[in-house]
Amino acid sequence: MKILKFGGTSVGSADRIQSLLDIVNPSERQIVVLSAVAGTTNALVEISSAFLNGKKEEAKELIIDLKEKYEQLIHDLFKTDTGRKQGKELIDYHFNLIASLSNDLFTPTEEKIILAQGELLSTTLWHFHLSEKGIPSVLLPALDFMKIDEDNEPVIPYIKEKLEQLLAQTPDNTLYISQGYICRNAFGEIDNLRRGGSDYTASLIGSAIQADEIQIWTDIDGMHNNDPRVVSTTKPIAELSFDEAAELAYFGAKILHPQSVFPAQRYKVPVRLLNTLDPNAKGTLISERGGPAGTIRAIAAKDGITAIHIHSSRMLLAYGFLRRIFEIFERYKTPIDMITTSEVAVSLTIDNTSNLDDIVREVEDFGRVSVDLDQTIVCVVGDFSANRHGYAARVLDAIKHLPIRMVSYGGSDYNVSILLDNEHKIEALRSLHNRIF
Ligand code: ADP
Ligand code: ASP
Ligand code: MG
């Protein structure tokens, strides 16, 4: 069985939704995971924030605007009266639900219900479209099997059990459809896997049922060797190892949700990144094997990084110091991305600043603390294991005209990370690209 995930632009218009059948062969056994129609989740975020801020009129207008787009979409998508009627009832149902949440007690729980409507809409619309064309398909409701625990971690054994039960109900069916991004949390409430989470859904489903392959269909022909939004001469990478892909996704390559590689790696399911707009392009294969040894593979950048510098003479010749520092971050459930140390100082970076003030207050017990906001981690990924000398020098040489805040090298065999002020990101990406590729 294969898992095919289509992102927002791949279902972004009636035309695109119709063209899914150019790629999906309904008689092959597969689960198709869909994101919301492009722009929908952003619009739902805006509607929720208007509700949160008590701006009901603004929310109402945003809801009307979004609903109009869907009215046009069903007009273009369906050819029969029955199809149009079904489509109209569907969007009425979802938009009435969204509008009904405008009570005065609008909490993150209501917000998550609103954010879930995009994927519920796109999957049901496609299911109706297929049925209008006489093509059988079965909807697998993600809210019935996709589950996260108290730490927002997916519960794979549960997902596997529920999914297998659902699949067993229709043994002769071949084409299954499910929603990306949405799930239930430990309290049974509607929740989500964070922005871009449909990739993660596909990877979790593929891992849970031990699929043959997970295909991520998007609007570009695979993972490129630099950010195509910043550098104009990027190229697709034919093969990546799971570790390299995870590193790139985590450090900013937006084509993949940061966590989506881990389940596939753990359950050894290959992931292919493919282009809906050019289905015959080779794309990128992510597997245990990876690409040719000893080459630099790609550059990525992750914005919104905060650096915390701790200077303390108590660290000198002491043991247990780092553990106590790390425990503070652990208590506030704040992951650390990069770390560098000297004998009397330690610097580290985080991207989740929701507990920054508390963390800084506690870390101040250990020494002098300073914080840099608006930082960017630029990350160079490749196989540095075979022939170690020269790589770090090439990387640093390419950005020697820029002020570097931190450098991390040697933590793994496939990553050099550099911290800079965000204002230098574009120049760093371009200069590294010119010198390395
Ligand atoms: P989808 O809606 O299909 O999930 P995304 O917008 O999340 O698509 O991801 C695809 C986009 O990721 C591309 O259009 C591209 O601009 C961006 N991107 C950023 N870095 C990379 C990279 N290294 N390789 C490919 N695409 C990248
Ligand atoms: N629709 C969600 C988002 O825009 C999930 C996804 O596209 O992967 O973040
Ligand atoms: Mg995405």
Side-chain angles (χ1 to χ4, degrees), residues 4-13 16 20 23 32-46 48 66 111-112 114-123 142 146 178-183 191-205 214-238 240 244-261 271-278 281 283-284 286 296-303 378-382 425-426 429 432-433 437:
L4 282 74
K5 175 260 170 176
F6 292 92
T9 30
S10 305
V11 292
S13 65
R16 294 248 62 87
L20 289 180
I23 293 167
V32 174
V33 173
L34 299 184
S35 297
V37 170
T40 300
T41 311
N42 285 344
L44 296 172
V45 168
E46 278 185 54
S48 305
L66 187 62
E111 177 178 25
K112 286 168 180 167
I114 290 191
L115 295 184
Q117 303 309 309
E119 273 70 12
L120 292 168
L121 274 163
S122 62
T123 46
M146 192 52 72
S178 193
Q179 299 84 21
Y181 177 59
I182 64 176
C183 61
D191 210 316
N192 61 64
L193 302 172
R194 312 276 172 89
R195 295 305 305 273
S198 299
D199 303 331
Y200 200 16
T201 301
S203 174
L204 289 167
I205 292 181
I214 298 159
Q215 299 182 349
I216 307 286
W217 289 86
T218 181
D219 57 3
I220 188 164
D221 54 348
M223 178 75 81
H224 277 224
N225 59 2
N226 203 331
D227 190 332
R229 295 164 299 181
V230 176
V231 176
S232 58
T233 53
T234 61
K235 291 203 175 67
I237 308 166
L240 282 170
E244 291 165 341
E247 205 88 43
L248 285 169
Y250 188 72
F251 285 110
K254 192 204 166 208
I255 186 171
L256 267 185
H257 179 279
Q259 277 150 300
S260 59
V261 180
V271 179
R272 228 178 254 284
L273 309 180
L274 295 157
N275 188 357
T276 324
L277 310 171
D278 183 7
T284 299
I286 303 167
I296 294 188
R297 218 80 80 210
I299 303 161
K302 184 175 179 178
D303 297 331
V378 170
C379 161
V380 180
V381 169
K425 164 181 135 175
I426 292 178
L429 288 181
L432 280 164
H433 198 78
F437 297 120

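Ligands are counted one by one from 1 in listed order, and the atoms in each one are counted from 1 as well. This one's a predicted model, so the numbers in the text were calculated from it and none came from an experiment.
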V11 to S35 - nearest heavy-atom pair and separation: CG2-O, 3.7 Å
Do any N or O atoms from the side chain of N225 and from the backbone of K235 form a donor-acceptor pair under 3.5 angstrom? yes
Do any heavy atoms of G180 fall under 4.0 Å from ligand 2? no
Check each atom of ligand 2 against the heavy atoms of T41 and keep those under 4.0 Å away; list them by number with element. 1 (N), 2 (C), 3 (C), 4 (O)
Nearest non-hydrogen protein atom, atom 6 (C) of ligand 2: S198 OG, 3.4 Å
Would you check if I182 and L120 make a side-chain contact, meaning some heavy-atom pair closer than 4.5 Å? yes
Nearest to atom 4 (O) of ligand 2, what protein heavy atom do you find, and at what distance? R195 NH2, 2.9 Å
Identify, by atom number and element, the atoms of ligand 2 in contact range of S35, meaning under 4.0 Å from any of its heavy atoms. 6 (C), 7 (O), 8 (O)
Side-chain (S13) to main-chain (R16) donor-acceptor, under 3.5 angstrom: yes
Main-chain N/O of Q259 paired to H257 side chain as donor or acceptor, under 3.5 Å: yes
Contacts table for ligand 1: protein N or O within a distance under 3.5 Å of ligand N or O, distances only.
from: ligand 1; atom 1: 2 (O); to: G8; atom 2: N; distance (Å): 3.2
from: ligand 1; atom 1: 3 (O); to: T218; atom 2: OG1; distance (Å): 2.7
from: ligand 1; atom 1: 4 (O); to: K5; atom 2: NZ; distance (Å): 3.1
from: ligand 1; atom 1: 6 (O); to: K254; atom 2: NZ; distance (Å): 2.8
from: ligand 1; atom 1: 8 (O); to: T218; atom 2: OG1; distance (Å): 3.1
from: ligand 1; atom 1: 12 (O); to: I255; atom 2: N; distance (Å): 3.4
from: ligand 1; atom 1: 14 (O); to: D219; atom 2: OD1; distance (Å): 2.8
from: ligand 1; atom 1: 14 (O); to: D219; atom 2: OD2; distance (Å): 3.4
from: ligand 1; atom 1: 23 (N); to: H224; atom 2: O; distance (Å): 3.2
from: ligand 1; atom 1: 24 (N); to: H224; atom 2: N; distance (Å): 2.8

Hey, could you give me the CG/OG1 distance between L273 and T218, rounded to the nearest 0.5 Å? 8.5 Å
Is it true that a side-chain atom of D199 and a backbone atom of I216 form a donor plus acceptor pair closer than 3.5 Å? no
Which of the atoms in ligand 2, numbered in the order shown and given with their element, are less than 4.0 Å from a heavy-atom of E119? 1 (N), 2 (C), 5 (C)
Would you say L240 and T284 make side-chain contact, with heavy atoms under 4.5 Å? yes
For G118, is the nearest heavy atom under 4.0 Å from an atom of ligand 2? no
Can you tell me if T123 uses its side chain to pair, donor with acceptor, with the backbone of E119 under 3.5 Å? yes
